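Here is the structure we will look at, set down as structure tokens.
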There are 2 protein chains.
Amino acid sequence: MSTPAPTEATLRRRLQPEERRQKIVDGAVAFFADVGLDGKTRDLARRLGVTQSLLFNYFASKETLIEAVYEQVYLNRLSDDWPRRLTDRSRPLRARLLDFYAEYSRLIFEYDWMRIFMFSGLAGAELNRRYLDHLGSVILTPLLDEIAVASQSRRVPQMEDLWNLHGGIVYIGIRQHIYRMPCPDDPSQAIERAVDRFLAAFDAG
Amino acid sequence: MSTPAPTEATLRRRLQPEERRQKIVDGAVAFFADVGLDGKTRDLARRLGVTQSLLFNYFASKETLIEAVYEQVYLNRLSDDWPRRLTDRSRPLRARLLDFYAEYSRLIFEYDWMRIFMFSGLAGAELNRRYLDHLGSVILTPLLDEIAVASQSRRVPQMEDLWNLHGGIVYIGIRQHIYRMPCPDDPSQAIERAVDRFLAAFDAG
DNA sequence: TCTCTTATTGATCATATGATCTATAAATCG
DNA sequence: CGATTTATAGATCATATGATCAATAAGAGA
């Protein structure tokens, strides 16, 4: 009797620590996005085809693992040259706004991001507030100026108006990934229309 | 030695079953809104000043209790005469819309509702989809017609546009109760401006 | 005031869960 | 190939958790 031929499932594959760690983080992102941050380490391990104890070889605690998940998900989410591009008055404001929300929506209308952002927000993570504060000061506040400048009327937007524009767009992703409602395959039309309505209201189109 | 004087904490108060049940449901709503549906029965019991085992005297399982929470929270959330009031063309469309979102926002911009709706959405509860389907067919779809009729131009809104209006408004509550961001004390100004921008875009003001 | 009903408690069970530690075997190097 | 390193597995621990049930005492009625 020889040992049973190792099947794909039972095969013990020995990876380089860095590679394994990355596989764990990637799997954890997908896993916690599905079931929430209360997901159990045993379930995650099963999904990774790995022992539960292995996780603790790479992360001191579940909390540490979740921090790595945050880092992976939040990293580079908001390209830092947008403030410059949004205020580049050599281009029409409309084009700048559409560019921004085209790229931004591509980034955030993603299952993992959307759900982990929501889960961590509900859990009270400071990270969310920091992220939204950042968004407000780095994107929306400059936009306030740009619109005021581009405006042909004396109407001036308020910060709340920009949050409204933003929220209406983000809500597409919420409907899609949080509530799993049927949504347009390509949201860019809806976004374009929302941006146009917004600019028209301030004669800034 | 007499028995120790029963303090407020240890006092065993005997309530009528209906009253106790209601107290448990109310407490459960607040509790699960805070910590999520994975909240532990022992923590809930402690908050209620009651034994954990008592919960299972009133609810066969934690799942049953959560269903009661859903029922309590979702109940009567959307008054069923809104379809009629929204299509009452004897009044200006703007007034109808503002009335609706004034009342609607008062209902949903509430800590418990907002968070339990989000928690249950993330958990994949069918209830959320049903609720939003209902909202779409009973509120937004009729509005589509109303706007088309009131429009002075040939521009016609699409369903996605109405979801955009709706989402932009709902997002105020999300910022406030999910992300705990500073928000306007009274959202009615922001709502009014959003509605006006929307109607203006279709010359339906 | 006494009795009886039953709302509530306290102890307990079975399982789940995060975490630890030692044994095993896959890769690496001479 | 053989020795060595160490990534991975498997067994296990302490505690947490949903759920059960017999014991207790609060309140209602006689």
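Here is the naming used below: chain letters follow the sequence lines, and residue numbers restart at 1 for every chain. Note that the structure is predicted; figures quoted are calculated from it, not measured.
The side chain of A:Val50 approaches D:dA9 more closely than any other nucleotide in the set D:dA9, C:dG18, D:dG27. With C:dT9, D:dG18, D:dG10 as the candidates, the nucleotide lying closest to the side chain of B:Thr41 is D:dG18. Here the side chain of B:Thr51 is nearest to one of C:dT28, C:dT8, D:dA19, namely C:dT8. In the set C:dG18, D:dA19, D:dA9, C:dG18 carries the atom at the smallest distance from any side-chain atom of A:Phe56. Closest approach to the A:Lys62 side chain among C:dG18, C:dG10, D:dG18 is made by C:dG18 (side chain taken as heavy atoms from C-beta onward).
Taking atom CG of B:Leu54 as the reference point, atom P of C:dT9 lies 6 Å away to the nearest angstrom. Atom NZ in A:Lys40 sits about 10 Å away from atom C1' in D:dA16, given to the nearest Å. Counting to the nearest Å, the C1' atom of C:dT17 and the CD1 atom of A:Ile66 are 14 Å from each other. Separating the CD atom of B:Glu19 from the P atom of D:dG27 is a distance of 11 Å, rounded to the nearest angstrom. Rounding to whole angstrom units, NZ of residue A:Lys23 and C1' of D:dA7 are separated by 15 Å. Atom P of nucleotide C:dT8 and atom CZ of B:Arg20 are separated by 4 Å, given to the nearest angstrom. Taking atom CD of residue A:Glu18 and atom P of nucleotide D:dT6, one finds them 16 Å apart after rounding to whole Å. Regarding B:Glu63, its CD atom lies at a distance of 16 Å from the C1' atom of D:dT17, rounded to whole Å.
A donor-acceptor contact under 3.5 angstrom links the side chains of A:Gln22 and A:Gln72, judged on distance only. For the 3.5 Å distance criterion, the side chains of A:Arg20 and A:Asn57 fail to qualify, holding no donor opposite an acceptor.
Within the nucleic acid shown, A:Gln52 comes within 4.0 Å of at least one base atom, counting heavy atoms only. Heavy atoms of B:Phe59 sit nowhere under 4.0 angstrom from any nucleic acid atom.
When each of A:Leu15 and A:Ala60 is assigned the nucleotide of DNA chain C bearing its nearest heavy atom, the one mapping closer to the 5' terminus is A:Ala60. Toward the 5′ end of DNA chain C lies the nearest nucleotide of B:Pro17, the other residue of the pair B:Pro17 and B:Ser53 mapping further downstream.
Within 3.5 Å, a donor on the side chain of A:Arg14 pairs with an acceptor on the base of D:dT6, or the reverse.
Regarding contacts with the backbone of D:dA7, every side-chain N or O of A:Tyr58 stays at 4.0 angstrom or more from both OP1 and OP2.
Relative ring orientation between A:His166 and A:Tyr101 is described as tilted, the plane-to-plane angle lying within the 30° to 60° band.
In the displayed structure, B:Glu71 atom CD is contacted under 6.0 Å by at most 12 heavy atoms of other residues, nucleotides or ligands.
B:Arg175 CZ to B:Met114 CE: the interatomic distance, rounded to the nearest 0.5 Å, is 11.0 Å.
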